[in-house]
Amino acid sequence: MGVAEVRPIAAPYVASSPSGVAIRDRLKGLTDQDETVLRLVGTHLGALASKDLAVRCRDGLAHVADRWAARKRELTAESSARWAGAITKASNDQWALARRGQLAHLQALQAGIATIAHRLSLPVGHKGTKVGPGGYRSRQEWFAKSRRLRVLADRLAAVRADWQAGLVRIVRGGKRLAGMRHHLQAAGLEEHEWRARWQAARWFLQADGESGKRHGNETIRITPTGEVSIRLPAPLARLANAPHGRYVLSARICFAHRGTEWADRVHADRAVAYRIHLDSERCRWYLTASWQTSPTPVVPLRAALTHGVIGVDTNADHLAAWRLDTHGNPIGRPRRFGYDLTGSAEHRDAQVRHALTRLLSWSKSCGVRAIAIEDLDFQAEKTREKHGRRKRFRQLISGLPTARLRARLISMAGAAGIAIVAVDPAYTSKWGAQHWQAPLTGKSRQTTRHDAASIAIGRRALGHPIRRRTAPPPAHRSDEQGHRTALARWEACGREETRPPDTGSCTRCMPPDRGEQAGDQCAQHRSGRTAEQLLLSPLER
C-alpha cells in the first residue's frame, strides 16, 4: 500500500499588528436634560442616515463622486456640514460591507453546488478519498440532495442577479433584531422593551475626527479634562447651552484603558473618532473613542524566536499551550486556559479576553517573546455540503472563536510586545499525537492530544520537523545507509523504539546469575587482567 500524499505546508510568518485602537468609557452623571438632548439628536440624525442609506442603495454601481457630493449638500441643510459628511461616509461603508458579504454568500453557494453536483455524479455508496468526497449513502439521500441542488441553484441565480445589478439588502438596526419583533415570547421581551432596543440601534451619534482641528474632532469634542460637547444639528440649535450651537454634557470622560495615548492625541489635535450609544438593557450611555495608529514594523521571524516559542492549540473550550526552547524541546508542563462560549456576545468576548490575558501573562513570565498559533479560517468549511452528516463536527468548528480570538490575540500581544507567529494547521493534531503524546505521558502527567498538537505547532513555527528525532549521518547509523530516517514509512511504527538485547552473543547485556558462564569469573571482563589472560582458557590458566 502506497503512502498517502500530503498537501504542501505553508511557511510560518509573523502576523502584522492592528492599525486601529478603540476604547470605551461610560457616561456617568447624565441629567434628564442631557439624555433628552441625546435622544433627540440621535433620532433626528438616525432618520437622516436611514434616508441617505436608501439613496445610496438605489444608486448601486452607478454611484460616483458627484453623486456623493449631492447627497452631502442635501443633508447639510438639515444638520451641518460635518454631520452630513459623517452620515454619507457611514452609508458608503455600510453598502461596501454588505457588498462584501454578498460576494462571500455567492462564493459559498457556488462551492455548495459544485460539491453536491460532484457527489450526485458518483454511484450511490461510492467511497470518498482524501482528494474528494464520495457518493451519497442511499437513494433517499441522493434524491433529497438533488432537490437541494435545485434550491441552491435558484438562490445562486437570484444572488448573482443582485450582484450584477449592485443591489444589496441592509437593515439599519440589524436583521436579527428586526426578526425578533415577530418572536417576542421566545426572546423573553415585551413589545416596549423591543421597541426601546430597536430605536436605540437606529440612532446615529458618531463623528469622524479631523487632524488639525481643536482636540481632533469638531462635531463631538472631548477636552483633555474630560468635558464632552456636541455640535447640535440646525433644527435642534435651540437646545444649545454653549456658544456656537454646542451642547455640553454634565458627564465627564476618563478613559482607564489607553487613556494616556488618547490624551496625547487630544493635546496634539490629532484625529479621534467618537461614537455615543445607549445600552437599552442596562439603561447606560457609553462613549467609544477610536483612532488609527502608525503601522508597527513586523519583527523578523528569527528575531522573534530567539528565546523560544509557546505553541498554542485552539479548541472549542480552551487553549492548550506548551513552552518550547529554540531546539523544539518542550519545557515544563503544559498549560490550559479555558473559556466558556455560551451566553451573550459580551460574555463570550469577555471569556476570550480573559483567557488571552492569562496566556500573555504566562508568556511574559517565561521570558518568551513569540506565540505560535494555527492560521485557522473556517469560513468556507462549515457547510453541510462539505461535511455531510457530520453535524457534531460542523457544530464544533462553528463554535471555535477563530476570527475573534485571532483579532484579540494580535491586538493584545502587540500591546504587550509579543510577536504572533501564524503556522499552517495541516496535520498538527494528527502528527502531534503520533509523535509526542505517548512519550510525554507518564504516571504524574497525562498528555492530551491537544497538548501534543501545541508542541507540533511550536516546532513548525521554529522550523523543525514535527517528528521527535531526525536521522543521524549515514556513517553513524547502526545499519549503514539503512532505513532510520525522518521520512520512514507510516507502517513502520516500531523503528525508533529501543531494541531488545541479543542474548546469544553479548554476555554484558545479561543480568547477574544468568547465562552459561555466569559462575566463571575469568570469563568476565575485569580490570587488572591482561589481554593474554583473557584469551587463555580456564585449564591453561
Side-chain angles (χ1 to χ4, degrees), residues 1-15 127-134 301 305 308-324 327-330 334 336 370-382 386-388 390 392-394 396-402 405-406 409 420-441 447-471 483-497:
M1 184 173 60
V3 180
E5 296 183 0
V6 298
R7 70 172 179 83
I9 307 299
Y13 64 93
V14 179
K127 292 185 178 180
T129 61
K130 291 187 176 181
V131 180
L301 181 61
L305 301 174
V309 69
I310 291 179
V312 178
D313 181 48
T314 306
N315 300 282
D317 58 350
H318 73 281
L319 299 175
W322 209 321
R323 179 189 175 190
L324 281 73
H327 304 287
N329 302 317
R336 175 173 292 192
I371 295 177
I373 62 171
E374 295 174 305
D375 192 6
L376 295 174
D377 186 8
F378 291 125
Q379 295 301 320
E381 304 294 329
K382 298 179 182 179
K386 174 75 174 179
H387 300 287
R390 303 168 64 185
R392 294 187 61 184
F393 181 74
R394 287 190 279 121
L396 175 64
I397 61 177
S398 298
L400 289 176
T402 53
L405 189 144
R406 180 172 50 192
L409 180 58
I420 301 299
V421 181
V423 302
D424 196 316
Y427 315 110
T428 53
S429 297
K430 179 180 179 180
W431 290 352
Q434 179 181 353
H435 298 294
W436 289 97
Q437 186 175 5
L440 294 177
T441 299
T447 303
T448 64
R449 183 182 181 91
H450 307 300
D451 298 332
S454 65
I455 298 178
I457 294 170
R459 288 180 66 89
R460 181 167 288 176
L462 292 167
H464 301 308
I466 296 179
R467 192 182 181 93
R468 283 195 303 119
R469 54 183 298 187
T470 57
H483 57 265
R484 297 179 60 189
T485 65
L487 300 178
R489 296 171 66 88
W490 66 272
E491 60 266 26
C493 299
R495 290 181 176 176
E496 300 298 335
E497 299 175 358

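Quick caveat: nothing in here was measured; it's all calculated off a predicted structure.
Looking at Pro334 and Thr447, their side chains never come closer than 4.5 Å, going by heavy atoms from C-beta outward. For the pair Lys430 and Arg449, the minimum side-chain heavy-atom distance is below 4.5 Å. Annotation: side chain of Ile457 is not in contact with side chain of Val312 (no heavy-atom distance under 4.5 Å).
In this structure, Asn329 CG and His464 NE2 are separated by 8.0 Å, a value rounded to the nearest 0.5 Å. Between the CD1 atom of Ile466 and the CH2 atom of Trp436 there is a distance of 10.5 Å, given to the nearest 0.5 Å. One finds the CD1 atom of Ile371 at 4.5 Å from the CD1 atom of Ile420 (value rounded to the nearest 0.5 Å). The CG atom of Leu462 sits 5.5 Å away from the CG atom of Leu305 when rounded to the nearest 0.5 Å. Of the inter-residue distances, the one linking Ser454 atom OG with Arg336 atom CZ reads 10.0 Å to the nearest 0.5 angstrom. Rounding to the nearest 0.5 Å gives a distance of 9.0 Å between CZ of Arg460 and OH of Tyr427.
The two residues Ile9 and Ala426 come nearest to each other via the heavy atoms CD1-CB, 3.6 Å. Nearest heavy atom pair, residue Pro8 against residue Asp424, reads O-OD2, 4.0 Å. Counting all heavy atoms, side chain and backbone alike, Asp375 lies closest to Ala422 at CB-CB, 4.1 Å. Of all heavy-atom pairs spanning Ala452 and Gly432, the tightest one is CB-O, 3.2 Å. Minimum heavy-atom separation, Gly458 to Leu324: C-CD2, 4.0 Å. When every heavy atom of Ala461 is checked against every heavy atom of Val421, the shortest pair comes out as CB-CG1, 3.9 Å.
Asp451 and Thr448 are linked by a side-chain donor-acceptor pair at a separation below 3.5 angstrom, with hydrogens and angles left out of the test.
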Kindly determine whether Thr314 and Leu319 satisfy side-chain contact (heavy atoms from CB on, under 4.5 Å), including the steps that lead there. CA-CA 5 Å; Thr314 306; Leu319 299 175; 4.2 Å; yes
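A donor-acceptor contact shorter than 3.5 Å is absent between the side chain of Arg323 and the backbone of Ile310.
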